[in-house]
Student: 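Okay, handing you the structure first.
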Amino acid sequence: MQQNFPIRTGETAFLFLQHFIKMLKAGGGADVVIKNTFLSNTDNASVSLRKHLLETCNLHTVLDCPGGTFQGAGVKTVVLFFEKGAPTRKVWYYQLDPGRNLGKTNPLNDADLAEFVELQKTFADSDKSWSVKVGAGDTATFDLSVKNPNGGEAVVHRSPQDILDGIATLDAESADVLAKIREMLSATDKVMR
């Protein structure tokens, strides 16, 4: 199958991305979900595919998604928004932060994307969005890494004592759960005799 693609790779997502680019007509657009490592991997296939994407398409938006956004992905993902027919001059990034952990029981919803949708209309800058001119970065690797220049929220680190207290609490909870399981097994064992 790889022989059908100009950029040979064992990464299925990269083959699909090449297929999408090839199948689009000039002016046609696509939105593709892919592992965020695609933006910065330095292997030949990643570099070649990023170069091809930037030279043949206008990659106008990269939506950086938190872990758990897409079930089954197992890794952080990004959504690439692009149109075929003109090279990329500038990429607008948006760092999605719904303020909660996402997952099967707590999926992404329309409200989580409202600010992204509004800001993308004009590619406006904010604490969560910024633009980068293509060529301003590394043209040897065409690195498209998502790095918010606004820094986002300040990271508050817990004190070592807080961490130790948390571990002790979790250990106590685990011990309680194990004791209850042992009781149930012991009761079941007595009934079986």
Side-chain angles (χ1 to χ4, degrees), residues 7 9 11 13-43 45-71 73-102 107-155:
I7 300 168
T9 176
E11 183 69 45
F14 292 7
L15 297 173
F16 276 114
L17 183 54
Q18 287 182 75
H19 178 71
F20 293 141
I21 293 169
K22 180 181 176 183
M23 297 309 294
L24 282 174
K25 294 180 180 174
D31 310 331
V32 177
V33 177
I34 197 164
K35 291 188 267 187
N36 75 340
T37 54
F38 167 73
L39 300 175
S40 60
N41 279 352
T42 56
D43 61 280
S46 296
V47 172
S48 296
L49 187 51
R50 284 194 302 269
K51 181 178 190 280
H52 178 64
L53 176 65
L54 293 172
E55 289 177 349
T56 62
C57 298
N58 177 19
L59 173 64
H60 56 80
T61 303
V62 173
L63 174 60
D64 180 33
C65 301
T69 302
F70 295 97
Q71 292 302 306
V75 294
K76 283 189 54 138
T77 54
V78 292
V79 184
L80 308 176
F81 295 78
F82 58 91
E83 292 175 1
K84 185 175 180 177
T88 304
R89 300 279 181 239
K90 184 166 55 170
V91 180
W92 182 74
Y93 291 88
Y94 183 86
Q95 195 165 37
L96 183 64
D97 180 11
R100 65 182 198 287
N101 289 330
L102 299 174
L108 192 66
N109 60 50
D110 290 348
D112 296 327
L113 292 169
E115 182 183 58
F116 164 74
V117 170
E118 192 57 37
L119 291 174
Q120 191 199 28
K121 291 175 183 174
T122 59
F123 301 108
D125 287 347
S126 72
D127 287 346
K128 296 179 187 176
S129 61
W130 64 98
S131 295
V132 176
K133 289 183 179 177
V134 172
D138 183 353
T139 55
T141 63
F142 297 90
D143 190 313
L144 295 169
S145 297
V146 177
K147 294 180 184 120
N148 188 341
N150 304 317
E153 302 263 332
V155 176

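Fair warning: this is a prediction, and the values are worked out from it, not measured in the lab.
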Student: Closer than 3.5 angstrom, by distance alone: can the side chain of T77 be matched with the main-chain N or O of C65 as a donor-acceptor pair?
Tutor: no

Student: Looking at S48 and A45, would you say the former's side chain and the latter's main chain have a donor-acceptor pair under 3.5 Å?
Tutor: no

Student: Once side chain to side chain contact (heavy atoms under 4.5 Å, CB included) is applied, do any residues pair with V47, and if so which ones, sequence neighbours excluded?
Tutor: R50, T141, F142

Student: Residues two or more places apart in sequence or in another chain: which of them pass salt bridge (Lys or Arg N to Asp or Glu O under 4.0 Å) with K128?
Tutor: E115

Student: Is it the case that the side chain of K84 and the backbone of G28 share a donor-acceptor pair, with hydrogens and angles ignored and the cut-off at 3.5 Å?
Tutor: no

Student: Taking atom OG1 of T88 and atom CG of L59, what is their separation to the nearest 0.5 Å?
Tutor: 5.0 Å

Student: For V32, enumerate each residue passing the side chain to side chain contact (heavy atoms under 4.5 Å, CB included) test, keeping only those at least two apart in sequence or located in another chain.
Tutor: L17, F20, A30, F82

Student: Just wondering, do L144 and V132 contact through their side chains at under 4.5 Å, heavy atoms?
Tutor: no

Student: Who pairs with D110 by side chain to side chain contact (heavy atoms under 4.5 Å, CB included), at least two apart in sequence or on another chain?
Tutor: none

Student: Not counting sequence neighbours, list each pair that qualifies as a side-chain hydrogen bond (donor to acceptor under 3.5 Å, both in side chains) and has a residue in residues 54-63.
Tutor: K51-E55, T61-Q120

Student: Please check if the side chain of D127 supplies one atom and the backbone of N150 the other of a donor-acceptor pair under 3.5 Å.
Tutor: no

Student: What's the separation between atom CD1 in I21 and atom CG in L49, rounded to the nearest 0.5 Å?
Tutor: 5.5 Å

Student: Any donor-acceptor pair under 3.5 Å linking the side chain of D112 with the backbone of N109?
Tutor: yes

Student: Between the side chain of Y94 and the main-chain N/O of V117, is any donor-acceptor distance below 3.5 Å?
Tutor: no

Student: Who are the side-chain hydrogen bond (donor to acceptor under 3.5 Å, both in side chains) partners of S131, not counting sequence neighbours?
Tutor: none

Student: Verify the ring-centre separation between F123 and F81: is it less than 6.0 angstrom?
Tutor: no

Student: Residues two or more places apart in sequence or in another chain: which of them pass salt bridge (Lys or Arg N to Asp or Glu O under 4.0 Å) with K121?
Tutor: E118

Student: Using side-chain heavy atoms (C-beta onward) and a distance below 4.5 Å, is N148 in contact with Y93?
Tutor: no

Student: Taking side-chain hydrogen bond (donor to acceptor under 3.5 Å, both in side chains) as the definition, give me every residue that meets it alongside S145, ordered by chain and number, with sequence neighbours left out.
Tutor: D143

Student: Taking C-beta and beyond as the side chain, do F16 and I34 meet within less than 4.5 Å on heavy atoms?
Tutor: no

Student: Partners of D64 by side chain to side chain contact (heavy atoms under 4.5 Å, CB included), sequence neighbours excluded?
Tutor: K76, V78, Q95, V146

Student: Check whether any side-chain heavy atom of P66 lies under 4.5 Å from a side-chain heavy atom of L96, and answer yes or no.
Tutor: yes

Student: Go through the structure and list residues passing side-chain hydrogen bond (donor to acceptor under 3.5 Å, both in side chains) with S46, not counting sequence neighbours.
Tutor: D43

